[in-house]
Every structure is written in C-alpha cells, then in structure tokens.
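I have placed the structure first, in the form of structure tokens, so that the comments after it can refer back to it.
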Amino acid sequence: MRFVVICRDVADSAPRRDPSLDDHRRYVDQRSQSLVASGPLVADDSDRRIGQFFLLDVEDRAAAESFVAEDPFTLAGVFERVEVFRLLPRFDSGRRV
C-alpha cells in the first residue's frame, strides 16, 4: 500500500533538525526499499526547511506510522504535526495504472 506522509516542522526547527540530520539520512537510507519518494519541504521564498515529505510503499498504515515515529527527526522533536494518508495511485511513472 502507498501512503503519503506530510510532516510539518515546529517553528524554528533548525536547532533540532540540524544535529539529527545525519541520523535521519542514515535511517532513511536503511529503509530505502519502503521509499517511493522523499524530501524536505521548503519555504516558497527560501531553502528554509519547513517539513518533510514521504511517499511510502509499505504493508499497512501501522508500518507507515512506525516509519515516521522512529525517524530521528521525530525523536528529536522536529515535527509539530504529522499526517498520514493512504494513496490510491491512478498514475505511476507518467502512466495511468
């Protein structure tokens, strides 16, 4: 199943985000088989990080929630809000599915 995960940072998240960035990257790299796409969300007017996006391909909602709950960014208190949505893909790699 595919899940979209939108994580919104706490205000002024850099002091929490920056020290945990290497751990976050290792965490994501070790779980790359579950990732379809991922990356930081940034402000429109700069490269300031405001959140994180994950498109996961996992067994169920519990696996998606566990993925983000164990992320070093979550453990460091970077995220103010996390939303998990099940996705019913209609397009994949430029083609209707």
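A quick note: this is a predicted structure, and the numbers were derived from the prediction, not measured. Residues: numbered from 1 along the sequence shown.
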### Query
Which residues, ordered by chain and number, are linked to Phe3 in its hydrophobic cluster, where ILVMFWY side chains connect at heavy-atom gaps below 4.5 Å, directly or through other members?
Met1, Val5, Leu21, Tyr27, Val28, Leu35, Phe54, Leu56, Val58, Phe67, Val68, Phe73, Val78, Phe79, Val82, Val84
### Query
Per the side chain to side chain contact (heavy atoms under 4.5 Å, CB included) rule, which among Thr74, Asp29, Asp71 passes with His24?
Asp71
### Message
Using the rule given for side-chain contact (heavy atoms from CB on, under 4.5 Å), can you reason through Asp9 versus Arg17, listing the C-alpha separation, both sets of side-chain angles and the distance that settles it, and then say yes or no?
### Response
CA-CA 9 Å; Asp9 284 10; Arg17 177 182 281 273; 2.9 Å; yes
### Task
Taking all non-hydrogen atoms of both residues into account, name the closest pair between Arg81 and Glu83 and its distance.
NE-OE1, 3.8 Å
### Query
Should we count CD of Glu59 as having more than 12 external heavy atoms under 6.0 Å?
no
### Cluster overlap Val4 with Leu41, hydrophobic side-chain contacts below 4.5 Å
yes
### Message
Can you list everything that forms a salt bridge (Lys or Arg N to Asp or Glu O under 4.0 Å) with Glu80? Sequence neighbours excluded, please.
### Response
none
### Query
Heavy-atom distance under 4.5 Å between the side chains of Leu55 and Phe53, does that happen here?
yes
### Summary
Of all heavy-atom pairs linking Ser46 and Val42, the shortest is O-CB, 4.0 Å
### Test item: Arg96 and Arg90 side chains (from C-beta on) under 4.5 Å apart, heavy atoms
yes
### No-hydrogen, no-angle side-chain donor-acceptor test under 3.5 Å, Glu70 and Ser66
yes
### Message
Test of understanding: with side chain to side chain contact (heavy atoms under 4.5 Å, CB included), list the residues that count as partners of Leu75, not counting sequence neighbours.
### Response
none
### Task
Find out whether Val97 and Arg95 are in side-chain contact, i.e. whether some heavy atom of one side chain is under 4.5 Å from a heavy atom of the other.
no
#### Entry: Contact summary for Ser20 and Ala76, nearest pair of heavy atoms
OG-CB, 3.8 Å
### Task
Hey, could you give me the CZ/OG distance between Arg25 and Ser38, rounded to the nearest 0.5 Å?
11.0 Å
### Message
Measuring from atom CZ of Arg2 to atom OG of Ser34, what distance do you get when rounded to the nearest 0.5 angstrom?
### Response
11.5 Å
